Amino acid sequence: MPIDAPPADDAPLLLTADALARLLAVSKLSIWRWRSAGKLPTPVRIGGAVRWKRAEIESWIDAGCPSCR
């Protein structure tokens, strides 16, 4: 799905590291490295799970993927 397309009604609002990696076409390891380096928007924690808000990721991409630190 192109990033310019509106998310489907059944698209998740929160993204796992796997889903984020697929969206950005990078490895899951890159996601964790970028998170540690402050290059991604801050994720939310739900219990022990780490998730990224789809809307924040889309805004971050639209802004040119700036460092988030």
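Because the structure is a prediction, the values reported are computed rather than measured.
T42 pairs by the side-chain contact (heavy atoms from CB on, under 4.5 Å) definition with nothing, not counting sequence neighbours.
Ring centroid separation for the pair W52 and W32 comes in under the 6.0 Å cut-off.
Looking only at side-chain heavy atoms (C-beta outward), K28 and D18 come within less than 4.5 Å of each other. In this structure, L40 and L20 have side chains that are in contact, with non-hydrogen atoms separated by less than 4.5 Å.
Here the SG atom belonging to C65 is positioned 7.0 Å from the CG atom belonging to L24, to the nearest 0.5 angstrom. A distance of 11.5 Å separates CZ of R35 from CD1 of I31, quoted to the nearest 0.5 Å. To the nearest 0.5 Å, atoms SG (C68) and CD (E56) are separated by 9.0 Å.
With hydrogens and angles disregarded, no donor-acceptor distance shorter than 3.5 Å links the side chain of R51 to the backbone of I46.
By the rule that hydrophobic residues join a cluster once side-chain heavy atoms approach within less than 4.5 Å of another member, V44 and W60 end up as members of separate clusters.
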For this session: Evaluate the side chain to side chain contact (heavy atoms under 4.5 Å, CB included) criterion for residues K53 and L14: first the C-alpha distance (whole Å), next the side-chain angles of each, then the deciding distance (0.1 Å), finally the verdict.
Result: CA-CA 5 Å; K53 294 178 184 175; L14 297 174; 3.8 Å; yes

